[in-house]
Amino acid sequence: MTNDRLQKIAKDYGSPVYVYDAEKITSQYKRLTNAFKSVKTLKINYAVKALSNISILKLFKTLGSGIDTVSIQEVQLGLTAGFLPEQIIFTPNGVSLVEIEEAAKLGVQINIDNLAILEQFGTKHPNVPVCIRINPHVMAGGNSNISVGHIDSKFGISIHQIPHLLRIVENTKMTINGIHMHTGSDILDIDVFLYASEILFETAKQFKNLDFIDFGSGFKVPYKIGDIETNIEELGKKLSSKFNQFCKDYGKELTLAFEPGKFLVSESGTFLATVNAVKQTTSTVFAQIDSGFNHLIRPMFYGSHHDIINISNPSGRERFYTVVGYICETDTFGNNRRINEINEGDILCFKNAGAYCFSMASNYNSRYRPAEVLWYNKKAHLIRKRETFEDILKNQVEVDFTKIKEKEVVTAK
Ligand SMILES: *Cc1c(COP(=O)(O)O)cnc(C)c1O
């Protein structure tokens with residue numbers, strides 16, 4: 001989006017604000033479906049947790065996408081957005097049997113990644129078909145926090161436990177209709193991914209009633225110039241041909257499923273914040289903005305890089321700045337960044353702010369979470385209002401200490 005357009009949005013909707021470009025979401029979606037066009041039935045389930053605004057979900061619905069959910073609340077959000085239960089897959093980790101049963105009751109596809117839960121669920125509900133999440137034990141991912149396929153990961157059922165899994169299926173007479181893996185974020189090497197897919201195919205052979213194989217996600221997108229990104233087109237070609245061959249051997253046309261979050265929404269998003277002050281210390285020039293890790297935590301939490309641009313002074317002389325927030329802790333967005341000269345009141349633009357940015361925002365320091373705007377069909381649409389003071393107090397219960405007698409206070413220990 002152009003600087004002028006972003007400036008106008010910041011002016012109209014205030015700062016800080018998240019802005020999403022629907023066109024980019026649509027083109028990423030089409031890029032993915034196009035890469036797998038030789039597969040007969042492809043299902044993309046957008047991972048809601050990346051960016052869970054209901055208008056974004058509705059946009060995905062218009063594209064023909066399903067959704068991947070990790071909590072009962074995300075399931076409810078999806079249903080509220082108009083998705084049919086069969087367009088929703090529930091892929092939680094570490095939730096109770098009760099929550100899984102609740103989701104099953106709503107009619108969504110259940111995905112289980114724990115043998116103890118599988119056994120209990122299969123015993124009680126043998127007629128509900130279940131997908132199983134496998135851990136293929138492949139190390140992939142750009143960051144140890146988000147590599148979820150390795151041996152010590154809490155995610156998935158180990159491939160070494162397949163014999164036990166098969167016994168549970170036999171004893172409970174339950175149906176396994178899907179097989180799934182999600183090896184983590186930031187796949188850099190397609191061969192690693194294909195290697196994991198071979199393991200998934202080998203496992204799939206042992207189940208006779210499959211409808212789909214779900215390869216999860218973890219597609220890497222570029223965060224800065226020169227960054228490696230997952231070559232979706234090459235992956236599409238290679239995996240499609242393996243998948244089609246598998247279906248032939250299996251004797252049934254299965255659905256190939258994916259559930260990307262980051263790939264679909266990361267680049268669509270920008271975060272706009274205003275410079276409150278420029279502070280020169282002995283060694284550093286800080287640009288201090290009206291935000292912090294309460295709004296965008298990825299740089300502090302994962303060490304993620306987000307490009308930062310001064311859209312108020314795009315042709316100004318470049319200088320080095322450390323961009324920080326207003327939270328009363330260290331909250332550095334970027335260290336020693338070369339940015340066009342910054343003055344008080346300038347608007348800084350953070351790139352790749354679509355995925356895991358607003359959805360991880362909080363009220364820390366009792367600040368409001370920002371507004372969200374969707375640029376769709378050449379127009380800005382407000383899709384979330386900025387919070388107000390009522391939101392800060394909402395659900396808090398005030399105790400009237402003047403009405404509690406001193407005696408009660410003493411005896412209430
Ligand atoms: C978070 C998550 C995804 C999305 O991962 P991205 O790296 O954003 O594409 C997919 N599947 C599951 C099960 C997840 O938990």
Side-chain angles (χ1 to χ4, degrees), residues 41-50 52 65-79 83-138 146 148-149 153-159 161-162 164-166 168-169 172 174-185 196-197 199-201 203-204 206-218 254-261:
T41 359
L42 177 74
K43 184 83 217 162
I44 307 296
N45 293 314
Y46 164 62
V48 170
K49 73 175 188 291
S52 47
S65 178
I67 52 170
D68 178 76
T69 56
V70 294
S71 69
I72 191 72
Q73 289 77 18
E74 284 190 354
V75 172
Q76 287 160 343
L77 206 51
L79 292 171
F83 286 94
L84 300 171
E86 55 265 35
Q87 295 174 305
I88 302 175
I89 180 164
F90 183 48
T91 310
N93 173 264
V95 307
S96 67
L97 179 65
V98 172
E99 185 168 331
I100 294 173
E101 287 178 313
E102 227 178 301
K105 219 186 209 167
L106 294 171
V108 308
Q109 172 69 52
I110 302 297
N111 190 353
I112 293 182
D113 86 334
N114 174 328
L115 286 181
I117 297 280
L118 185 76
E119 184 163 2
Q120 293 174 69
F121 188 87
T123 304
K124 286 174 82 177
H125 315 279
N127 296 324
V128 179
V130 166
C131 172
I132 42 169
R133 179 173 183 172
I134 298 297
N135 181 348
H137 300 311
V138 174
I146 44 181
V148 293
S153 164
K154 68 164 186 161
F155 297 97
I157 296 168
S158 164
I159 38 164
Q161 291 177 307
I162 299 296
H164 186 186
L165 198 162
L166 288 168
I168 290 171
V169 172
T172 59
M174 68 190 304
T175 303
I176 302 301
N177 69 339
I179 200 152
H180 167 277
M181 71 169 186
H182 173 64
T183 53
S185 253
S197 78
I199 295 170
L200 204 59
F201 287 134
T203 312
Q206 308 188 52
F207 298 88
K208 298 295 161 231
N209 301 302
L210 295 183
D211 295 320
F212 64 96
I213 300 182
D214 189 331
F215 293 89
S217 175
L254 301 180
T255 296
L256 193 167
F258 274 117
E259 49 193 36

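No hydrogens, no waters, no symmetry mates; every other heavy atom, side chains included, goes into these values.
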Item to check | Residues which pass salt bridge (Lys or Arg N to Asp or Glu O under 4.0 Å) with K105, listed by chain and number, not counting sequence neighbours | outcome: none

Checklist entry - Who passes side chain to side chain contact (heavy atoms under 4.5 Å, CB included) against K208, sequence neighbours left out? => result none

Next on the checklist: Could you check whether any side-chain N or O of T172 sits under 3.5 Å from a backbone N or O of P126, counting only pairs where one atom can act as donor and the other as acceptor?
Outcome noted: no

Item to check | By salt bridge (Lys or Arg N to Asp or Glu O under 4.0 Å) - contacts of E99 (at least two apart) | outcome: none

Checklist entry - How many angstroms lie between atom CG of N177 and atom CD1 of I132, to the nearest 0.5 angstrom? => result 10.0 Å

Checklist entry - Going from CD on E259 to CD1 on I67, what distance comes out if it is rounded to the nearest 0.5 angstrom? => result 12.0 Å

Item to check | Partners meeting side chain to side chain contact (heavy atoms under 4.5 Å, CB included) with L166 (sequence neighbours left out) | outcome: I162, Q206, F207

Checklist outcome for this item: For residues 92-114, the ring pair (Phe, Tyr, Trp, His ring centres under 6.0 Å) pairs (sequence neighbours left out) are none

Checklist entry - Can you tell which of L165, I179, I157 makes a side chain to side chain contact (heavy atoms under 4.5 Å, CB included) with T203? => result I179

Checklist entry - Is there side-chain contact between T255 and D211, with at least one heavy-atom pair below 4.5 Å? => result no

Item to check | Under the side chain to side chain donor-acceptor pair (under 3.5 Å) test, residues paired with N114 that sit two or more places apart | outcome: none

Checklist outcome for this item: Closest non-hydrogen atoms of R133 and T91, given as atom of the first, atom of the second and distance, are NH1-CG2, 3.9 Å

Checklist outcome for this item: Nearest heavy-atom contact between L200 and M181 is CD2-CG, 3.8 Å

Checklist outcome for this item: Residues G261 and S217: closest non-hydrogen pair is N-OG, 4.1 Å

Item to check | Residue that, paired with I100, satisfies side chain to side chain contact (heavy atoms under 4.5 Å, CB included) out of I117, I72, L118 | outcome: I117

Checklist outcome for this item: Interatomic distance, OG@S158 vs NE2@H164, rounded to 0.5 Å, equals 12.5 Å

Item to check | Shortest non-hydrogen separation from V75 to I88 and the atoms involved | outcome: O-CD1, 4.1 Å

Checklist entry - Can you name the residues that form a ring-ring contact (aromatic ring centres under 6.0 Å, His included) with F201, not counting sequence neighbours? => result F215, F246

Item to check | side chain to side chain contact (heavy atoms under 4.5 Å, CB included) involving P85 - partner list, sequence neighbours excluded | outcome: L79, V108

Item to check | Beyond-backbone contact of P260 with I44, side-chain heavy atoms, under 4.5 angstrom | outcome: yes

Checklist outcome for this item: Nearest heavy-atom approach of L254 to T41 is O-OG1, 3.8 Å

Next on the checklist: Q161 vs N135, test: side chain to side chain donor-acceptor pair (under 3.5 Å). Steps then yes/no.
Outcome noted: CA-CA 10 Å; Q161 291 177 307; N135 181 348; over 6 Å; no

Item to check | Test side chain to side chain contact (heavy atoms under 4.5 Å, CB included) applied to E101 - qualifying residues, sequence neighbours left out | outcome: L97, F121, K124, H125

Checklist entry - How many angstroms lie between CG in D68 and CZ in F258, if you round to the nearest 0.5 Å? => result 13.0 Å

Next on the checklist: Using every non-hydrogen atom in the two residues, find where S65 and K43 come nearest and quote the distance to one decimal.
Outcome noted: C-NZ, 4.3 Å

Checklist entry - Backbone N or O of I89 within a donor-acceptor pair of the T69 side chain at under 3.5 Å? => result yes

Checklist outcome for this item: Residue set satisfying side chain to side chain donor-acceptor pair (under 3.5 Å) with N93, at least two apart, ordered chain then number -> D113, K154

